[in-house]
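Input: a single structure, listed below in structure tokens.
Proteins get letters first, then strands, A, B, ... in listed order; numbering begins at 1 in each.
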Amino acid sequence: MSKALDIPTVQKVAELARLKLTDDEIKAIAGQLKAVLENFEQIAAVNTKDVEPLVTPTDLRVHFREDAVVVQPDLDAFLANAPARSGRLFKVPPVV
Amino acid sequence: MDLTFATSSEIAAAVKNKKVTALEVTRHFMNRVQTLDKQINAFVTVNEKAEEAAKAVDAKIASGKDPGALAGVPVAVKDLLCTKGLRTTASSKILGNFIPPYSSTVVSRLEAAGAITIGKTSLDEFGMGSSNENAASGIVRNPWNPEYVPGGSSGGSAAALSARMASAAIGTDTGGSIRQPASFCGLFGIKPTYGRVSRFGIIAFASSLDQAGPMAHSTGDCALMLETISGSCSHDSTSASLEVPKWSQLLKDDVKGMRIGLPREYFAEKLDPDVDRVTKEAIEALKARGATTVEISLPLVKHAVPVYYLVATAEASANLARYDGMRFGHRSSNAAHGDLDDLYSRSRGEGFGPEVKRRIMLGTYALSSGYYDAYYAKASQVRRLIRDEFLKAFESCDVILSPVCTSPAFKIGERINDPLEMYLNDIFTTSTNLAGLPGMSVPAGYSSKGLPIGVQLMGRHWDEAKMFNVSLAIENALGAAKARRPHVI
Amino acid sequence: MSSNHPFGSYEPVIGIEIHAQLSTKSKMFCASSTEFGAGDNDHICEVCTAMPGALPVVNKKAIEYSIKMGLALGCQIRDRSVFSRKQYFYPDLPKGYQISQFDLPLCEHGKVEYILDGKKMEVSITRAHMEEDAGKSTHHGEYSLINLNRAGTPLLEIVSGPDMHSPQEAAEYARTVHKILRYLDVCDGNLEEGSFRCDCNVSVRKKGETIFNTRVEIKNINSFRFVEKAIEYEILRQIDCMETGEKINQETRLYDPDKNRTFMMRSKEEAHDYRYFPDPDLLTVILEESFVEKVRGELPELPLKRAERFQQEYKIPEYDSFVLTQEKEIADYYEKVVKASGNPKSASNWVMTELMRELNDAKKTFAQSPVSAEQLGAMVMLIDKGTISGKIAKTVFAEMWATGKNPDVIVKEKGLVQITDTSAIEKAIDDVIAANPAETEAYRGGKEKLFGFFVGQVMKVTKGQASPDMVNQLLKKKLAGG
């Protein structure tokens, strides 16, 4: 299961998750997650042949939304928390 | 009337009958927050508009309208629930001074029933933790002994309520976050069946496990609060369209003939002697009232902690991707100019605390290419087996009883450096979330050091009613909830 | 394609992913409007801006439209399909994941048929799944700006098998899918507004080989002509690489129509690890059979089937049948003209020539035509009954187009009734013969080409209203008989 959670793997995962970690953090997390995953190995022993994965644990009936538009009365409230804006647009570093 | 120690339903009745105004009640509890919270640190934000809301309730009563079942009841709301216009932080730096443009369904329903949101309470950041030591606004202290943790993640709600800075509280529970702090702080706390309470507007930790629920000083208040916030919500695809029973009216101190299941595996764990003693006292009390006990076996629950952490962190890693510093929240000022990825990584690296980062890392890893099958998919399969095991166990019993935790509250700082140790502490509570069952913590006694200890009840899907009856029987038989008062009060 | 296509000993292998925007009023998972062209961030809410705590709820119409298209593509509709989260960070993707479908899509295993160069072609449909669109970024050098009006708009992604082998096939396939979407009225098909976008997967192999070589994806093409040109360029580029021994990398490229070339957008090495997993905020979509059957019952006749029926039922040429079925509106109009006139052949001529020309010139759709199908049918009937001649009909049609009046009213008002009275026509012929003695002499002397001249003269005298058949018949007799 866990093929030694080494430093490069932890770095790769941190990049994937867009988390800037210090070298110390990486070292600490590698150690902690290694211990955690070693403990978690235990589930490999459970026989799950032909068992369908469970996501939602209760039997709920799916309900759909009717196709109707609801206009927000206070659109500015959805923009007000933005760290940077230009007019009514969100301003971000260049994406190309 | 002594507002501090009155039940929520007593307060609502008094307000409704104009024995006291909602404003007086709100001011009373607000004053307590001002004096007591310096020692506890339960609140992240106090609601400046609470008095305004109380006046609106009084005005409603004056004009002869029904003010609702919770008229004037001051409620402490976990800071994971969005409150329109009132800062919501998830106890995280990453949300900065986020002002939600909308309210969660739970808060809307409480306010529609006349409850007053007195403030937003601290939690382990994003609900991730069992001690309330992982909070941007600092450690929360247990009113029973400020050297001890209040539990988590709904530690602020539990501490605020325990010190009577509110009349009732709302928590959320992903793997025990209502039940464990309720047990540590001597409160009733229920995590309802998955789908009973709308998750809309509740900042997501793990979507298939999260449920909000009340904490209260009595079974009756707990039932009243839960029936107020439950029910179908058109904004949440996973909310059940079932009718919500009026639990507060159906409540009966009658367990005659009730079959109480005792899971062999839970009692085989190394238990603190005080927890062992208190749990046995609760069982004996129920037997004395005519219940029978049945030994049941849940062999797979020993895997509940790994399954829980793999599923919860996988879901969390995606749920927390929206905190990217683009539309709201913390944006780093240290990123290389014009470098989008650097801005993402630094904003998130600076904004999230260590435990959240650890869990995002674990969850990302569990879903990543090459590991998905062994971790996330495997855990989801074992999850089904665990649920099915519970469903089978309920064929021979009506309610399952167990300890909430292996020990009472522990000291601040004692476990913070050992994540695995902290995770394993969730052994008795996580399986309930995995199986979607309702679970409840009921005050049952005290440790030799005078810390509260609760017992856990678990019910069938949608059968909160039986749990409430067992809870009331324990409440009346043992009188633990009223027997002592916390140190800070 | 024919064996002499321009790629010599190479065979291109092409598959297409089409993103079709479903024409719902509200977004896929929230009640914000999907209307195009609104003000900046005017169509947003807590869900499509991914505010903390917001949750998705599926738009029923989007499901219905997707099922409809799936059925039209001959797909199997899964009774249980699952929404999954596709994770990547991008500022126009507010949640940090796109809700899509992964291992359990709504529609699978279909096919599309179309005719190219008179040959029936078939492309397999691997799957068609629902997903949400991202927002729109605009770039301003130092920074980019994000508009989330489009974020969360419902899309149906239609994935073909790698079954096409020429740029023309690929373009015609895309046109066919576009036509079907329009037929079902589940997508407005507007290419400029991005309602229909193609990602083309292209690889090249030696003819006769069955292997699949490294493929390149050309993303986001929004014109059929560009589909053809981009693929053509890419095939030639890859052949060139193979000839010179250069390695073809698995990468994503973009097409630049101005330079008519493709260029690299990102390489495989930068490819994402999307970490798909079932979205726990949404339940498995469980479809009742009755719901699917209800949608099936509402399916209109599809273009190719309809064209084939037109050929059989109305005995019109294949070409005409395709022109008349390219849009549902046209086919519906045509069938109404047939019904009103009882003359399918004539109806098709009038719709395809006069009406289409006028509509084109006026930039109008069939729905906006000032001449209704019933009116055009009535006019065709007037011709068939001999009330007016084909020639006069053109005048009548012009008048109908201009005034919207019924043809019989126009004929009456303008006195355009065809002259079928033998004596009246004979009188006109006699007058023409009398007035043109030289020509008469020449004709009778064997210059039969002059017959047309006499017809013209007679029609002129009768203001074009004489029945052409009768003029021909009587003129022949008179000129011969003297």
Closest-packed option against chain C by number of heavy-atom pairs under 4.5 Å, given B/Ser208, B/Cys82, B/Pro101, B/Gly201: B/Gly201
query: Based on non-hydrogen pairs under 4.5 Å, which of C/Pro94, C/Pro52, C/Ala54, C/Pro280 is most in contact with chain B?
result: C/Pro52
- prompt: Taking atom types as modelled, is there a side-chain donor on C/Asp281 or B/Ser207 under 3.5 Å from an acceptor on the other?
  reply: yes
message: Taking side chain as everything from C-beta outward and backbone as N, CA, C, O, which of these in B/Ile203 sits under 4.5 Å from a heavy atom of chain C? Side chain, backbone, both or neither.
response: both
N/O donor-acceptor pair under 3.5 Å between C/Asp273 side chain and B/Ser368 backbone: no
Proximity breakdown for B/Leu81 and chain C, heavy-atom pairs closer than 4.5 Å: neither
query: Quick check: does any side chain N or O of C/Tyr97 sit under 3.5 Å from a backbone N or O of B/Arg322, one acting as donor and the other as acceptor?
result: no
query: So, do C/Pro91 and B/Tyr344 sit near enough that their side-chain heavy atoms are less than 4.5 Å apart?
result: yes
task: Answer whether the closest heavy-atom distance between the side chains of C/Leu283 and B/Thr238 falls below 4.5 Å.
output: yes
Any side-chain heavy-atom pair of C/Phe277 and B/Glu315 under 4.5 Å: yes
- request: Mark yes when over 12 heavy atoms from residues, nucleotides or ligands other than C/Lys86 sit less than 6.0 Å from its NZ; otherwise mark no.
  value: yes
message: Heavy-atom cut-off 4.5 Å, strictly under: side chain, backbone, both or neither for B/Leu340 against chain C?
response: side chain
query: Using non-hydrogen atoms only, which part of B/Tyr194 is less than 4.5 Å away from chain C: side chain, backbone, both, or neither?
result: side chain
Option that, when pairs with chain C are counted at under 4.5 Å, heavy atom only, ranks first among B/Ala206, B/Ala377, B/Ala318: B/Ala318
- request: Answer yes or no: is there a donor N or O on one side and an acceptor on the other, between the side chain of B/Arg327 and the main chain of C/Met51, under 3.5 Å?
  value: no
- request: Check each atom of B/Asn319 against the heavy atoms of chain C and say whether the ones under 4.5 Å are side chain, backbone, both or neither.
  value: both
- prompt: Any side-chain heavy-atom pair from B/Arg348 and C/Phe89 closer than 4.5 angstrom?
  reply: yes
field: Part of B/Ala90 lying under 4.5 Å from any heavy atom of chain C
entry: neither
message: Need one label for B/Ser104: side chain, backbone, both or neither, based on atoms under 4.5 Å from any heavy atom in chain C.
response: neither
query: Which atoms of B/Phe200 come close to chain C, meaning under 4.5 Å heavy atom to heavy atom: side chain ones, backbone ones, both, or neither?
result: both
query: Would the number of heavy atoms belonging to other residues, nucleotides or ligands and lying under 6.0 Å from CZ of C/Arg215 be above 12?
result: no
- prompt: Between B/Ser380 and chain C, which part of the residue has a heavy atom less than 4.5 Å away: side chain, backbone, both or neither?
  reply: neither
field: Minimum heavy-atom distance between B/Arg199 and C/Leu55, given as atom pair plus value
entry: C-CD1, 3.6 Å
